[in-house]
There are 2 protein chains.
Amino acid sequence: MAHITAGVEYALHCLLWLVDSPGAPLSSRDLADFQGISPSFLAKVFPKLEKAGIVASSEGVRGGYRLAKRPEAISVLAVVDAIEGEKPLFDCQEIRGRCAAFGGRPPAWATKGVCAIHAVMLRAEKAMRDSLESQTLADIAGTLERKMPPEFSEEVRRWVEERTEARIRGKA
Amino acid sequence: MAHITAGVEYALHCLLWLVDSPGAPLSSRDLADFQGISPSFLAKVFPKLEKAGIVASSEGVRGGYRLAKRPEAISVLAVVDAIEGEKPLFDCQEIRGRCAAFGGRPPAWATKGVCAIHAVMLRAEKAMRDSLESQTLADIAGTLERKMPPEFSEEVRRWVEERTEARIRGKA
DNA sequence: CATAACGCGGACTATAATGATCCGCGTTAT
DNA sequence: ATAACGCGGATCATTATAGTCCGCGTTATG
């Protein structure tokens with residue numbers, strides 16, 4: 001299992017679609033179907049993004065989500081923390097204090113400050129987080145825009161239209 | 001659950017004791033008891049360190065493990081990879097190719113190269129790994145040496161002695 | 001030379017996290 | 001009034017981790 005989980009992956013892919021859709025909000029259901037991922041799982045992801053102030057929701061029919069900030073103001077780190085809840089890279093179990101030579105009562109010098117091994121991991125975690133913080137949603141969107149052919153936006157618009165019509169037909 | 005697991009934590013703590021014991025090999029059983037961790041679990045960790053060329057084993061009575069390299073030549077990254085097996089930080093599921101607008105057959109431009117989101121994660125992972133690689137066992141041992149009072153080495157020696165004697169007494 | 005302390009490795013179990021589903025409630029456009 | 005939404009709780013299946021157990025081959029030592 002990876003440290004950065006599928007929830008983050010789904011969230012970022014969805015946020016990229018929201019970047020391209022500054023008008024009407026998109027529903028989590030549509031976003032899931034459009035990308036071939038689980039709608040019910042995605043429905044658990046979005047409230048976390050909303051609590052973190054990354055997206056804003058509108059309830060009721062034709063409700064959904066839109067970005068709550070400019071894409072340049074949304075770092076990948078913010079998304080990771082919103083979904084994972086600041087999960088640490090390493091969980092120090094304070095082995096240093098359990099040394100049998102202490103007989104159950106470790107001296108102050110042994111447990112003072114951060115465990116030396118933990119410190120190593122915290123430095124690595126900071127390097128990772130700094131990297132994630134330096135990259136924003138706008139950066140990723142820019143990369144994609146350079147890959148995507150100009151016709152594609154039109155294709156997407158068509159897909160959304162067809163789906164809306166299909167819903168209306170289903171009603172009738 | 002943390003990305004860097006207890007196996008790595010146990011391994012590093014043990015390796016630090018091996019740094020201070022360049023003479024006779026230490027058994028995984030003694031290392032576990034000495035640090036209050038599971039002996040059977042530690043017995044699963046050491047073969048991985050051995051396969052990675054970090055420790056060398058000697059079999060039979062009075063056997064055990066010793067460092068296979070100088071502490072300066074053992075990076076924390078090497079230990080992490082030995083135990084975790086190069087586990088990726090992020091597992092890209094190639095969502096980009098599932099877009100419903102592609103109708104099951106994504107065009108070449110969509111799946112060419114590394115996924116933009118994956119690329120972000122790979123950069124963060126590299127930052128983490130670079131940090132882990134820059135820190136060696138000798139660095140950590142140095143930090144500890146500055147904390148430990150000079151008498152402590154003697155206390156440890158006494159503990160090992162007492163345990164050996166206890167084994168002999170148990171035999172009689 | 002028999003024994004006990006070792007490492008080695010496979011099979012196995014328990015627990016926790018993840019990914020995912022389902023249901024009922026409140027809100028709101030049509 | 002209805003259906004499409006978001007929201008949140010309960011639940012479930014799968015997987016990874018942490019840990020155990022057992023049997024085998026090796027080797028120092030009495």
Side-chain angles (χ1 to χ4, degrees), chain A residues 1-11 14 24-33 36-51 55-66 68 83-85 87-88 90-91 93 95 160 163-164 166-172, chain B residues 1-11 14 24-33 36-51 55-66 68 83-85 87-88 90-91 93 95 160 163-164 166-172:
Chain A
M1 208 177 321
H3 186 244
I4 296 181
T5 60
V8 173
E9 184 172 16
Y10 296 168
C14 290
L26 298 180
S27 75
S28 74
R29 170 95 210 182
D30 280 358
L31 283 164
D33 289 347
I37 61 182
S38 157
S40 38
F41 183 65
L42 193 59
K44 312 248 83 172
V45 167
F46 265 101
K48 297 180 184 175
L49 294 173
E50 208 240 326
K51 284 186 187 61
V55 300
S57 68
S58 41
E59 290 198 338
V61 188
R62 304 252 167 202
Y65 298 96
R66 57 190 171 74
I83 308 296
E84 315 269 23
K87 174 172 64 176
F90 173 78
D91 174 31
Q93 297 179 58
I95 308 290
V160 175
R163 149 173 277 251
T164 307
R167 269 206 281 262
I168 293 169
R169 276 200 305 278
K171 201 188 292 182
Chain B
M1 207 176 320
H3 187 243
I4 297 180
T5 60
V8 174
E9 184 172 17
Y10 296 168
C14 290
L26 298 180
S27 75
S28 74
R29 170 94 209 180
D30 279 0
L31 283 164
D33 288 348
I37 63 183
S38 157
S40 37
F41 184 66
L42 193 60
K44 313 246 81 173
V45 167
F46 265 102
K48 297 180 185 176
L49 294 174
E50 209 238 328
K51 285 185 186 63
V55 300
S57 68
S58 41
E59 290 199 337
V61 188
R62 305 252 167 205
Y65 298 95
R66 58 191 170 72
I83 307 297
E84 314 269 23
K87 175 171 62 174
F90 173 78
D91 174 32
Q93 296 179 59
I95 307 290
V160 176
R163 147 172 277 251
T164 307
R167 269 207 280 261
I168 294 168
R169 277 200 305 277
K171 201 187 292 185

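Numbered from 1 within each chain, the chains take letters A, B, ... in sequence-line order.
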In Watson-Crick or G-U wobble terms, both distances under 3.5 Å, what is the partner of [N]?
N: D:dG8; result: C:dC23
N: C:dA11; result: D:dT20
N: C:dT28; result: D:dA3

5' priority, DNA chain C, between B:A43 and A:G7 [closest heavy atom]: B:A43
Check: D:dG9 base within 3.5 Å donor-acceptor of A:K44 side chain: yes
Using whole Å, report how far [atom1] of [X] lies from [atom2] of [N].
X: A:H3; N: C:dA16; atom1: NE2; atom2: C1'; value: 15 Å
X: B:F41; N: C:dT13; atom1: CZ; atom2: P; value: 18 Å
X: B:D30; N: C:dA4; atom1: CG; atom2: C1'; value: 14 Å
X: B:L42; N: C:dC8; atom1: CG; atom2: C1'; value: 14 Å
X: B:Y65; N: D:dT27; atom1: OH; atom2: C1'; value: 15 Å
X: B:D91; N: C:dG19; atom1: CG; atom2: C1'; value: 12 Å

Which nucleotide in D:dA18, C:dT21, C:dT18 has an atom nearest any side-chain atom of B:A6: D:dA18
N or O in side chain of A:S57 less than 4.0 angstrom from D:dC7 OP1/OP2: yes
5′-ward residue of the pair B:E59/B:E84 relative to DNA chain D: B:E84
Test log, rule side chain to side chain contact (heavy atoms under 4.5 Å, CB included), inputs A:Y65 and A:L31: CA-CA 10 Å; A:Y65 298 96; A:L31 283 164; 5.6 Å; no
Mutual orientation of the aromatic rings belonging to B:F41 and B:Y10 [parallel < 30°, tilted 30-60°, perpendicular > 60°]: perpendicular
